[in-house]
Amino acid sequence: MIMCKTSKEIGGMGHSLKRKEDARFIRGLGKYTDDVQLPGMLYMDIARSPFAYAKIKSIDKSAAMEIPGVLAVITGEDLKQYNLHWMPTLMSDTQMVLPTDTVMYQAQEVAAVIATDRYIAADAVQALENSIEYEQMKPLIDPHKALDADAPLLRPDKEGRTDNHIWHWQTGDQEATEQAFDEADVVVKEQVYIPRIHVASIETCGCVASYEKAEGKLTVWMTTQAPHAIRTVIALVAGHVGLSEERIRVISPDIGGGFGGKVPVYPGYVIAIAASFLIGKPVKWIEDRSENLQADSFARDYHMTVELASTKEGKMTGLRIKTLADHGYTDAAANPSKFPSGLFSIVTSSYDIPTAFTEMDAVYTNKPPGGVAYRCSFRVTEAVHAIERITDVLAQKLGRDPADLRFQNFIQKDQFPYRSALGWEYDSGDYAPALRKAMDMVGYEELRKEQAEKRARGELMGIGISSFTEIVGAGPSKDFDILGIKMFDSAEVRIHPTGKAIARFGTKSQGQGHETTYAQILAEELGIPAMHIQIEEGDTDTAPYGLGTYASRSTPTAGAAAAKAAHKIRDKARKIAAYLLEVSEEDLEWEPGKFFVKGAPERSKTIQDIAFAAYTNHPQGMEAGLEATHYYDPPNLTFPFGSYICVMDIDPKTAEMKIRRFVAIDDCGNIINPMIVTGQIHGGLAMGIAPAMYEELIYDDDGNILNGTFMDYLLPTSVETPNWETGHTITPSPHHPLGAKGVAESPTVGAPPAVANAVVDALSHLGVTHVDIPVTPFKVWKILKEKGVIS
Ligand code: CDP
């Protein structure tokens, strides 16, 4: 039974604020969810495990319950009675909501406290944490040891499982690739690790769950990137206790940063919903900053062996990659169902490599779950890092300029649509002009001269190039689904009688300006001023069903749906205009904002005239109103690309690194709003240098997180962030109704290898071929010491 006091027992509610100054209260802002204030709202806080792997011997609730104002303590055993102690992950694995017997990583949720005040809840959590007895076990932290005979079997709950191997995944022609390597003049090989990092959005996760018993309706305010999918998941997981989808409303308010981290369902959401359902009062839960960093889903954590084969002239002939993926204790990666390693198979990227083979093995360890697509379209960051690093390694081996080698191997403009060795059909691309533009902007030739002169003087400077291809815009629905829900997206547009409009979408902006760009699209297609078009997203009771916003999918899907819905409206508007002007539809021509009679432009009807007529004077037999909904299922993904150049100065005495210049040329097809796109690129570049130079979650052998606060987990601030120099080329997508491609993820994908390549380039004359990201001053200092540069 959940221990729950009556309101009488709560008594005096002596608020204890003694822990107010405690680090626990250095909270994530919880800004937008915090705006939700409901009468009688209760607060939830969560007790967490100090150990990475331990049996729970006992949980004594009494000390927590004795604190005035505490209403309930919820454990895994309590949830088990409702079969809510486990939940499915997006990759159809299983994840604990609260454990019944074993904790699997440090900071895992162990029990929750519901109280009348957030500080009381926090005090009760402290009391509870002191009352939980554990039997500590030796955790499995190193993924390379996951398959050892003496490795603990981490998931005995999964029937038939005898080891910690989650899945094996391979793509490409293994035999042909082996042959290419056998016949190659030159083969280069490198071990490349992309460490575990965290989304670290300014706002942490949180929700307010409110179950109205009288109406039998659950409303959840949560800053999720995918409100409809969350609604369906709640209905699937909790349908058996009476939460039926038509009685669930998810409202995603303004979001203080999502970046992929607010796609998954975290235990806190489920416990808050369960608590509200059982207690019948609204329950608010906002994570602490440390909880967010230590326990929410991580990104990356790929250990890759990368090999590239080429002729002696530098023509790439084969690519082979073997990857070990550390998934923590459950595979909760945010990938489309059919792609356990995401879209990693874009790894041949911008190069015309005739044959390739990639294989991956995912394993369980005692770390938090995840594999979120942190501002990256499902593992493209890992793929681009692998190919861009190994391309530089090949250039170094051949004694070639890395830019030259790229020009030689680029897929040529006339090869599009291009089918890659790993099966993707690229829609359009023109890579050489983007690289050339970046080189011109940065003054590449002069920089190379400067580098040679500096080397002669013992100074260190590097120039790093990254010429990446992205893959964004999931669907098409034939290939892409999340938990069986097909990946498309939607727009619903209604024109009011006075010619103003409201449009709702299945996506959900997190600050990337959908309100502006969607209005622009509709204004362009319908001729209604953007200021008179209201855009709404994020309320499942009103918005059409959609899969949400992540992986730069909004413009390729919902942006296209907006254009398509506008075209449907125009089709009807044409009929009404023909009726009003007493001509046939074929006699009419459209220009943004009005239909006019061919050859007699003075005879016209504006969209406002037509909208009014749709409600006041429409042809008999025609449905009244002027509105349309479109669910857009893209025929293909879009393939934006870019070329980035980073110029890095390294102090040969201290190994201090400074990005002197960073030039980024992006191509996202037709641009809807140049200012928003530039903003997306600036933000994405900052999030690109972050893992390249600063970010990494580090665990000791016992699974303790060594940098679980922002004191140690480094993020670049405006001080570290260089002045970005941006530009673009435009290669429209042939299949997107507006010729647009997604853009938001491109800089996060393209920037890390540009930085890493710059650092290696600065050290290449010392025989250095690779440095793992983050390329910290300490790593570089050790290299300089080893090479005798620093005595
Ligand atoms: O899915 P998400 O909104 O994160 O990514 P996106 O589709 O790349 O769009 C990010 C922002 O840039 C949106 O406001 C887009 O409408 C805008 N954008 C644009 O103006 N032109 C493009 N070709 C691509 C995106």
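Basis for what follows: all heavy atoms, side chains included, without hydrogens, waters or symmetry-related copies. Whatever order the structure lists them in is the order used to number ligands and atoms, beginning at 1.
Between G669 and ligand 1, no pair of N/O atoms sits closer than 3.5 Å. Geometrically, ligand 1 and N673 share a nitrogen or oxygen pair separated by less than 3.5 Å. Not a single N or O atom of Y550, backbone or side chain, sits closer than 3.5 Å to an N or O atom of ligand 1. Residue contacts with ligand 1: E745 is placed with no nitrogen or oxygen under 3.5 Å of a nitrogen or oxygen of the ligand (distance criterion only).
R375 has no carboxylate O lying under 4.0 Å from a charged side-chain N of E745, or vice versa, which leaves the two without a salt bridge. A salt bridge links D541 to R249: one of the charged nitrogens lies within less than 4.0 Å of a carboxylate oxygen. Using a 4.0 Å cut-off between charged nitrogen and carboxylate oxygen, E696 and R196 do not count as a salt-bridge pair. Checked for salt-bridge contact, R504 and E537 miss the test: no charged N lies under 4.0 Å from a carboxylate O. Under a 4.0 Å N-O distance rule, the pair K262/E203 qualifies as a salt bridge. With respect to the salt-bridge test (charged N to carboxylate O, under 4.0 angstrom), the residues D667 and K741 do not qualify. With respect to the salt-bridge test (charged N to carboxylate O, under 4.0 angstrom), the residues E291 and R289 do not qualify.
If you take CD1 on I471 and OG on S345, they are separated by 6.5 Å, rounding to the nearest 0.5 Å.
Residue contacts with ligand 1 for P556 involve side-chain atoms from C-beta outward but no N, CA, C or O (heavy atoms, distance under 4.0 Å). Contacts with ligand 1 closer than 4.0 Å are made by no heavy atom of T507, backbone or side chain. Using a 4.0 Å cut-off between heavy atoms, T549 contacts ligand 1 through its side chain alone, with no backbone atom that close. Of all the heavy atoms of T555, the ones lying under 4.0 Å from any atom of ligand 1 are found in both the backbone and the side chain. Neither the backbone nor the side chain of Q510 comes within 4.0 Å of ligand 1, counting heavy atoms alone. The proximity of V677 to ligand 1, defined as any non-hydrogen pair under 4.0 Å, is limited to the side chain.
The distance from ligand 1 to the heavy atoms of G742 drops below 4.0 Å at these ligand atoms: 8 (O). Heavy-atom contacts of G513 reach the following atoms of ligand 1: 14 (O) (cutoff under 4.0 Å). Every atom of ligand 1 is numbered from 1 in the order shown, and the set under 4.0 Å from a heavy atom of Q512 is 2 (P), 3 (O), 4 (O), 11 (C), 13 (C), 14 (O). Of all atoms in ligand 1, numbered sequentially from 1 with element shown, those under 4.0 Å from a heavy atom of I676 are 11 (C), 12 (O), 14 (O), 17 (C). In summary, the atoms of ligand 1 found under 4.0 Å from a heavy atom of I671, numbered by their order in the structure, are 21 (N), 23 (N). Atoms of ligand 1 lying under 4.0 Å from at least one heavy atom of A740, given by number and element, are 23 (N). Near N670, the atoms of ligand 1 lying under 4.0 angstrom from a non-hydrogen atom of the residue are 22 (C), 23 (N). Interface of A744 with ligand 1, defined as ligand atoms under 4.0 Å from a residue heavy atom, comprises 4 (O), 5 (O), 8 (O).
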- I would like to know whether D430 and T731 meet side-chain hydrogen bond (donor to acceptor under 3.5 Å, both in side chains); could you show each step before the answer? CA-CA 7 Å; D430 193 2; T731 312; 5.3 Å; no

- Query: Run the side-chain hydrogen bond (donor to acceptor under 3.5 Å, both in side chains) check on S350 and T469 step by step: do they pass?
  - Reply: CA-CA 5 Å; S350 311; T469 292; 2.9 Å; yes

- Take R406 and Y351, measure what side-chain contact (heavy atoms from CB on, under 4.5 Å) needs, and give me the verdict at the end. CA-CA 8 Å; R406 283 175 170 82; Y351 309 111; 3.2 Å; yes

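When only non-hydrogen protein atoms are considered, atom 21 (N) of ligand 1 lies nearest to I672 N, 3.0 Å. Scanning the protein heavy atoms around atom 3 (O) of ligand 1, the nearest turns out to be H514 NE2, 2.7 Å. Atom 22 (C) of ligand 1 has its closest protein heavy atom at K741 O, 3.6 Å. Here the protein heavy atom with the shortest distance to atom 16 (O) of ligand 1 is T517 OG1, 2.8 Å. Nearest non-hydrogen protein atom to atom 2 (P) of ligand 1 is S554 OG, 3.5 Å. Among all non-hydrogen protein atoms, the one lying nearest atom 10 (C) of ligand 1 is Q680 OE1, 3.8 Å.
Ring geometry for Y418 versus F416: interplanar angle of 30 to 60°, hence tilted. In this structure, Y431 and F410 have tilted ring planes: the angle between them lies in the 30° to 60° band.
The nearest non-hydrogen atom to atom 8 (O) of ligand 1, considering only V743, T557, V472, comes from V743.
Here the two rings, on W169 and F344, have centers that are 6.0 Å apart or farther.
Enclosure of atom NZ in K568 by more than 12 non-hydrogen atoms of other residues, nucleotides or ligands within 6.0 angstrom is indicated.
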